[in-house]
Amino acid sequence: MAKSKFEYVKQFEAEDKCLPNCWIVIRVDGKSFHRFADVHHFVKPNDDRGLNLMTRAAQCVMDEYKDVVLCYGQSDEYSFVFKKNTNVFNRRGSKIMSNVVSLFTSSYVFYWPRYFNTQSMQYPPAFDGRVVLYPGDKNLRDYLAWRQADCHINNLYNTCFWKLVQERGLTPAQSQEKLKGTLSSDKNELLFNDFSLNYNNLPEMYRKGTVIIHQKEKELDANSMSPLERSPRNSVSFSFQGDYIPRTRVQILHSDIISEKFWTEHPQILDGVKK
Ligand SMILES: Nc1nc2c(ncn2[C@@H]2O[C@H](COP(=O)(O)OP(=O)(O)OP(=O)(O)O)[C@@H](O)[C@H]2O)c(=O)[nH]1
Ligand SMILES: [Mg+2]
Ligand SMILES: [Mg+2]
């Protein structure tokens with residue numbers, strides 16, 4: 001068929017193919033979640049319903065994109081790591097990023113009632129997305145360490161901040177002033193001395209965030225799966241309650257991903273080989 005005279009406009013589309021042999025990281029982050037959390041009465045500083053819903057949405061992404069080797073989430077963000085040699089969407093950056101952020105957002109809305117019961121959503125949430133390429137394994141590990149360190153720093157600060165406001169009766173401004181310039185050790189002491197709280201006893205999900213990885217093949221026990229879970233991988237399964245069943249098994253962890261131990265225990269993540 002002859003091309004229309006308008007076809008030339010396609011030339012204006014920019015190529016945005018991700019460099020070969022680089023880890024592709026897609027990070028999604030809630031838009032103005034400060035407001036979203038307030039409007040929906042999220043528990044401060046950590047709301048289990050909200051955090052678990054984020055993880056459910058991330059699982060949907062991991063289930064759809066088999067080349068995602070690891071996800072890491074905290075607060076209103078999740079990072080998805082695609083294996084170095086992925087050829088998903090021919091490595092087109094905006095295609096990958098927009099699909100991930102769109103599936104993540106729709107899953108967040110889809111599963112909302114499961115986590116918030118009868119509390120209805122007051123307005124549609126949005127997430128932004130970005131693509132970052134990391135050429136080396138060290139860069140990737142440092143990226144993940146950066147996100148986990150951010151989780152720790154914010155959580156320690158927020159835990160102190162809300163203790164001072166909710167239990168000591170300080171105004172937010174007074175609480176901020178009291179914490180200004182304090183070191184981690186000062187904050188740990190404040191929690192321990194003034195609120196009898198050992199920071200290390202707080203749930204790991206709050207302190208370390210959430211890591212999702214594929215279950216190792218040898219740990220997959222076919223006998224422990226329901227018939228629906230054993231259904232063909234390329235078919236979407238719904239249980240009788242209309243519950244969507246993920247097609248792959250994943251492990252949800254709250255591990256320290258900064259130290260060496262995690263990477264020694266899970267060498268398959270960087271190797272790209274299931275062990
Ligand atoms: N109360 C509560 N708030 C949370 C929770 N998780 C995330 N948030 C809120 O979400 C915000 C996330 O921070 P940011 O992503 O930096 O800020 P944002 O308001 O989303 O703004 P942009 O990302 O720039 O659009 C936090 O500052 C909190 O206000 C939670 O479990 N409980
Ligand atoms: Mg945000
Ligand atoms: Mg954020």
Side-chain angles (χ1 to χ4, degrees), residues 27-59 61-62 70-81 104 107-108 111-112 114-117 119 125 127 141 143-168 170 172 175-176 178-180 182-213 250-259 261-263 265-266:
R27 183 165 81 249
V28 303
D29 183 287
K31 178 174 181 288
S32 304
F33 254 50
H34 183 78
R35 175 168 169 251
F36 189 83
D38 273 353
V39 169
H40 294 91
H41 315 292
F42 278 22
V43 176
K44 292 174 167 81
N46 292 290
D47 188 307
D48 286 347
R49 301 164 303 173
L51 295 172
N52 288 326
L53 173 57
M54 290 286 292
T55 294
R56 190 68 191 81
Q59 263 183 274
V61 173
M62 195 155 188
L70 177 147
C71 318
Y72 174 73
Q74 52 120 342
S75 182
D76 67 338
E77 68 169 63
Y78 246 100
S79 296
F80 300 90
V81 180
F104 185 90
S107 303
Y108 189 92
Y111 283 108
W112 173 271
R114 175 86 49 92
Y115 294 86
F116 285 86
N117 300 316
Q119 189 188 323
F127 289 83
R141 279 187 50 178
Y143 167 79
L144 293 166
W146 172 51
R147 298 324 303 145
Q148 190 164 55
D150 187 81
C151 173
H152 166 71
I153 292 164
N154 289 337
N155 188 57
L156 180 58
Y157 181 91
N158 291 337
T159 304
C160 293
F161 181 90
W162 289 111
K163 281 277 178 203
L164 290 169
V165 171
Q166 292 171 339
E167 293 183 26
R168 183 75 71 73
L170 265 59
S175 181
Q176 194 179 358
K178 187 165 169 63
L179 294 173
K180 209 160 130 187
T182 54
L183 304 172
S184 281
S185 52
D186 301 325
K187 295 189 190 73
N188 274 300
E189 271 174 40
L190 172 85
L191 291 174
F192 195 74
N193 296 333
D194 292 22
F195 301 100
S196 310
L197 177 70
N198 183 342
Y199 181 76
N200 290 327
N201 291 342
L202 281 179
E204 285 194 308
M205 177 167 74
Y206 302 168
R207 291 183 289 119
K208 298 192 177 133
T210 302
V211 184
I212 316 178
I213 54 174
V250 293
Q251 279 184 294
I252 297 176
L253 308 166
H254 306 292
S255 312
D256 178 341
I257 52 173
I258 298 178
S259 66
K261 187 168 172 274
F262 174 82
W263 301 98
E265 282 175 6
H266 303 282

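Only heavy atoms go into these numbers, but all of them, side chains included; no hydrogens, no water, no symmetry mates. Everything numeric in this text was worked out from a predicted model, so none of it was measured.
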**Student:** By ring pair (Phe, Tyr, Trp, His ring centres under 6.0 Å), which residues pair with H266, not counting sequence neighbours?
**Tutor:** F262
**Student:** For M62 and V250, which heavy atoms make the closest approach, and how far apart are they?
**Tutor:** SD-CG1, 4.2 Å
**Student:** Go through the steps for D76 and V28 under the test side-chain contact (heavy atoms from CB on, under 4.5 Å), then give the verdict.
**Tutor:** CA-CA 8 Å; D76 67 338; V28 303; over 6 Å; no
**Student:** In chain order, what residues pass the salt bridge (Lys or Arg N to Asp or Glu O under 4.0 Å) check against K178, with sequence neighbours excluded?
**Tutor:** none
**Student:** Compare all side-chain heavy atoms of L253 with those of I213 and state whether any distance is below 4.5 angstrom.
**Tutor:** yes
**Student:** Are any non-hydrogen side-chain atoms of D186 and L179 less than 4.5 angstrom apart?
**Tutor:** no
**Student:** Please tell me if the side chains of L190 and Y199 come closer than 4.5 Å, counting only heavy atoms from C-beta onward.
**Tutor:** no
**Student:** Tell me every residue that passes salt bridge (Lys or Arg N to Asp or Glu O under 4.0 Å) with D38, counting only those two or more places apart in sequence or in another chain.
**Tutor:** K44
**Student:** Can you see whether R27 engages Y72 through a side-chain donor-acceptor pair at a distance of less than 3.5 angstrom?
**Tutor:** no
**Student:** Any heavy-atom pair between the side chains of D48 and V43 that's under 4.5 Å?
**Tutor:** no
**Student:** Taking the ring centre of each residue, are F42 and F116 less than 6.0 Å apart?
**Tutor:** yes
**Student:** Looking at CZ of F195 and OG1 of T159, how far apart are the two atoms once the value is rounded to the nearest 0.5 Å?
**Tutor:** 11.0 Å
**Student:** Tell me, do T210 and L51 make a side-chain contact under 4.5 Å, heavy atoms counted?
**Tutor:** no
**Student:** Which residues satisfy the salt bridge (Lys or Arg N to Asp or Glu O under 4.0 Å) test with K261, sequence neighbours excluded?
**Tutor:** E265
**Student:** Taking S79 for its side chain and C71 for its backbone only, find out whether a donor-acceptor pair lies under 3.5 Å.
**Tutor:** no
**Student:** Let me have the donor-acceptor pairs involving side chains of residues 144-152, under 3.5 Å, with sequence neighbours excluded, atom names and distances please.
**Tutor:**
{"residue": "R147", "atom": "NE", "partner": "E77", "partner atom": "OE2", "Å": "2.9"}
{"residue": "R147", "atom": "NH2", "partner": "E77", "partner atom": "OE1", "Å": "2.8"}
{"residue": "R147", "atom": "NH2", "partner": "D150", "partner atom": "OD2", "Å": "3.3"}
{"residue": "Q148", "atom": "OE1", "partner": "I257", "partner atom": "N", "Å": "2.7"}
{"residue": "Q148", "atom": "OE1", "partner": "I258", "partner atom": "N", "Å": "3.4"}
{"residue": "Q148", "atom": "NE2", "partner": "K208", "partner atom": "O", "Å": "2.8"}
{"residue": "Q148", "atom": "NE2", "partner": "S255", "partner atom": "O", "Å": "2.8"}
{"residue": "D150", "atom": "OD2", "partner": "Q74", "partner atom": "NE2", "Å": "3.1"}
{"residue": "D150", "atom": "OD2", "partner": "N154", "partner atom": "ND2", "Å": "3.0"}

**Student:** Would you check if there is a donor-acceptor pair between the side chains of Y157 and T182 at a distance under 3.5 Å?
**Tutor:** no
**Student:** Does the side chain of P172 come within less than 4.5 Å of F161's, by heavy atoms?
**Tutor:** yes
**Student:** Looking at NZ of K187 and CD1 of I153, how far apart are the two atoms once the value is rounded to the nearest 0.5 Å?
**Tutor:** 8.5 Å
**Student:** If I take atom CD from residue Q59 and atom OG from residue S107, how far apart are they, to the nearest 0.5 angstrom?
**Tutor:** 10.5 Å
**Student:** Hey, would you say the Y78 and F127 ring centroids sit under 6.0 Å apart?
**Tutor:** no
**Student:** Once rounded to the nearest 0.5 Å, what's the spacing between atom OG1 of T55 and atom CG of N52?
**Tutor:** 6.0 Å
**Student:** If I take atom CG from residue N46 and atom OG from residue S75, how far apart are they, to the nearest 0.5 angstrom?
**Tutor:** 8.5 Å
**Student:** Closer than 3.5 angstrom, by distance alone: can the side chain of R207 be matched with the main-chain N or O of N200 as a donor-acceptor pair?
**Tutor:** yes
**Student:** Which value, rounded to the nearest 0.5 Å, describes the distance between N117 atom CG and W112 atom CH2?
**Tutor:** 10.5 Å
**Student:** Is a side-chain donor-acceptor pair under 3.5 Å present for D47 with Y115?
**Tutor:** no
**Student:** Provide the closest heavy-atom pair for Y108 versus P125 in the form atom of the first, atom of the second, distance.
**Tutor:** CD2-CG, 4.0 Å
**Student:** So H40 and F36, would you call those rings parallel, tilted or perpendicular, with 30° and 60° as cut-offs?
**Tutor:** tilted
**Student:** Where do N188 and N198 land on the side-chain contact (heavy atoms from CB on, under 4.5 Å) test, with the steps shown first?
**Tutor:** CA-CA 7 Å; N188 274 300; N198 183 342; 5.9 Å; no
**Student:** Could I get the full list of side-chain hydrogen bond (donor to acceptor under 3.5 Å, both in side chains) partners for D194, not counting sequence neighbours?
**Tutor:** R168
